[in-house]
Amino acid sequence: TINVTAEGDQIRRGIFRDLPRFYQGDSGRLAYQYDVLSVERDGAREEHDTDTEGNAFQIRIGDPDVLIEHGAHTYTLTYRVKNQVRYFDGYDEIYWNVTGSYWAFPIERARATIVLPPGAQITATHGYTGAEGQSGDAYTYAQSDDRHVFETTRPLQANEGLTVAVGFGKGLIAPPSTADE
């Protein structure tokens with residue numbers, strides 16, 4: 001869910017949502033695969049298209065021929081992403097770049113909730129704020145049952161973001177098959 005205020009300057013016909021296409025780690029590049037299920041603006045279905053550029057999978061939201069009204073708007077995107085779990089020797093981990101770091105605007109507040117299957121044995125949690133590659137700690141973390149909630153504690157500037165990680169015991173989520181790898 002993304003809340004914006006359109007002033008007719010940079011947000012005129014809609015917004016872009018850029019998601020990372022891959023994670024570059026010590027063992028190489030892990031490509032993410034996205035399946036956009038729905039896009040809405042203010043509760044109504046919204047036209048959208050996708051594109052890729054560099055490490056960005058971009059969802060272009062809005063009709064290129066229609067100006068949106070000035071004021072507050074809420075965009076809701078629903079999508080699936082494959083390869084978001086990372087597998088290590090002693091634990092597995094969901095590592096998610098929540099906001100992306102490509103926004104040209106400041107972000108007043110960002111929050112991510114990760115829900116794991118019941119009984120997950122959590123090994124570690126981490127969050128990172130700031131520009132790409134930075135490891136700022138301007139966030140809070142709270143756990144309630146199987147929900148893990150991360151929230152920024154200060155506004156993020158343009159090109160800053162929130163990334164979160166929740167490590168858990170092996171076997172909770174099956175690793176990819178050799179064919180999938």
Side-chain angles (χ1 to χ4, degrees), residues 1-23 32-84 94-116 125-144 146-166:
T1 302
I2 302 169
N3 296 304
V4 302
T5 301
E7 298 174 343
D9 182 19
Q10 293 189 45
I11 299 177
R12 298 172 46 117
R13 291 172 168 70
I15 64 171
F16 300 103
R17 173 62 168 119
D18 290 342
L19 299 161
R21 288 179 51 208
F22 56 82
Y23 172 78
Y32 303 133
Q33 297 172 11
Y34 294 95
D35 180 16
V36 179
L37 303 174
S38 67
V39 176
E40 295 180 350
R41 178 172 49 95
D42 302 327
R45 186 181 151 316
E46 183 75 349
E47 186 173 321
H48 68 280
D49 198 3
T50 62
D51 198 6
T52 58
E53 182 177 327
N55 188 25
F57 174 84
Q58 186 175 79
I59 305 171
R60 294 189 307 262
I61 305 164
D63 185 330
D65 298 323
V66 176
L67 294 172
I68 63 172
E69 294 179 23
H70 292 198
H73 296 279
T74 299
Y75 290 88
T76 305
L77 290 75
T78 303
Y79 53 89
R80 288 191 182 113
V81 59
K82 187 174 181 180
N83 294 332
Q84 202 57 58
I94 291 180
Y95 181 88
W96 182 246
N97 183 336
V98 176
T99 60
S101 43
Y102 308 115
W103 289 101
F105 304 101
I107 298 171
E108 290 181 16
R109 181 176 63 97
R111 180 178 61 227
T113 302
I114 295 176
V115 181
L116 292 175
T125 61
H126 295 286
Y128 310 94
T129 56
E132 186 174 350
Q134 291 183 331
S135 56
D137 60 1
Y139 72 94
T140 60
Y141 166 77
Q143 180 181 353
S144 176
D146 299 319
R147 301 173 71 79
H148 304 269
V149 181
F150 298 81
E151 188 166 358
T152 55
T153 57
R154 68 161 178 84
L156 302 171
Q157 300 306 309
N159 299 310
E160 288 188 334
L162 170 66
T163 298
V164 302
V166 177

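Distance alone, capped at 3.5 Å, places no donor-acceptor pair between the Asp35 side chain and the Tyr79 backbone. With hydrogens and angles disregarded, a donor-acceptor distance shorter than 3.5 Å links the side chain of Tyr139 to the backbone of Gly127.
For the pair Gln58 and Thr50, the minimum side-chain heavy-atom distance is 4.5 Å or more. In this structure, the side chains of Val166 and Val164 stay at 4.5 Å or more apart for every pair of heavy atoms. Within the 4.5 Å cutoff, side-chain heavy atoms of Leu116 are placed close to those of Ile94. The side-chain heavy atoms of Leu19 and Tyr32, taken from C-beta on, include no pair separated by under 4.5 Å. Side chains of Arg111 and Val149 form a contact here, defined as non-hydrogen atoms less than 4.5 Å apart. Residues Ile107 and Thr152 fail the side-chain proximity criterion, which asks for heavy atoms closer than 4.5 Å. Side-chain contact check for Arg80 versus Leu37: some heavy-atom pair is nearer than 4.5 Å. A 4.5 Å side-chain heavy-atom check between Trp96 and Val81 finds at least one atom pair inside the cut-off.
Summarising the geometry of Thr129 relative to Asp137, their closest heavy-atom pair is OG1-N, 3.5 Å, with the distance given to 0.1 Å. A pairwise comparison of heavy atoms in Ala165 and Tyr95 identifies CB-CD1, 3.9 Å as the closest pair. For Gly8 against His70, the heavy-atom pair with the smallest separation is CA-NE2, 3.5 Å. The minimum heavy-atom distance between Gly161 and Thr99, with the atom names listed, is CA-OG1, 2.9 Å. Taking every heavy atom of both residues into account, Phe150 and Leu162 meet most closely at O-CD2, 4.4 Å. Residues Glu47 and Pro64 approach most closely at OE2-CD, 3.7 Å, considering heavy atoms.
Residue Leu77 holds its CG atom at 10.0 Å from CD of Glu46, rounded to the nearest 0.5 Å. The line from CG of Asp42 to OG1 of Thr76 is 8.5 Å long, rounded to the nearest 0.5 Å. Atom CD1 of Ile61 is separated from atom CZ of Phe16 by 9.5 Å, given to the nearest 0.5 angstrom. How far CZ of Phe105 is from CG of Leu156: 15.0 Å, rounded to the nearest 0.5 Å. Remark: Ile15 CD1 to Arg60 CZ distance equals 13.5 Å, nearest 0.5 Å. Note that CZ of Arg17 is 14.0 Å distant from OH of Tyr75, once rounded to the nearest 0.5 Å.
Within 6.0 Å of atom CD in Glu151, more than 12 heavy atoms from other residues, nucleotides or ligands are found, so the atom counts as buried in its surroundings. Atom CZ of Arg21 is surrounded by more than 12 heavy atoms from other residues, nucleotides or ligands within 6.0 Å. Dense packing is recorded around CZ of Arg154, with more than 12 heavy atoms of other residues, nucleotides or ligands lying under 6.0 Å away.
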Original post:
Going through the checks in order, is the side chain to side chain contact (heavy atoms under 4.5 Å, CB included) test met by Thr52 and Tyr34?
Top reply: CA-CA 11 Å; Thr52 58; Tyr34 294 95; over 6 Å; no
Subject >> Candidate pair Asp49 and Asp51, rule side chain to side chain contact (heavy atoms under 4.5 Å, CB included), full reasoning >> reply: CA-CA 7 Å; Asp49 198 3; Asp51 198 6; over 6 Å; no
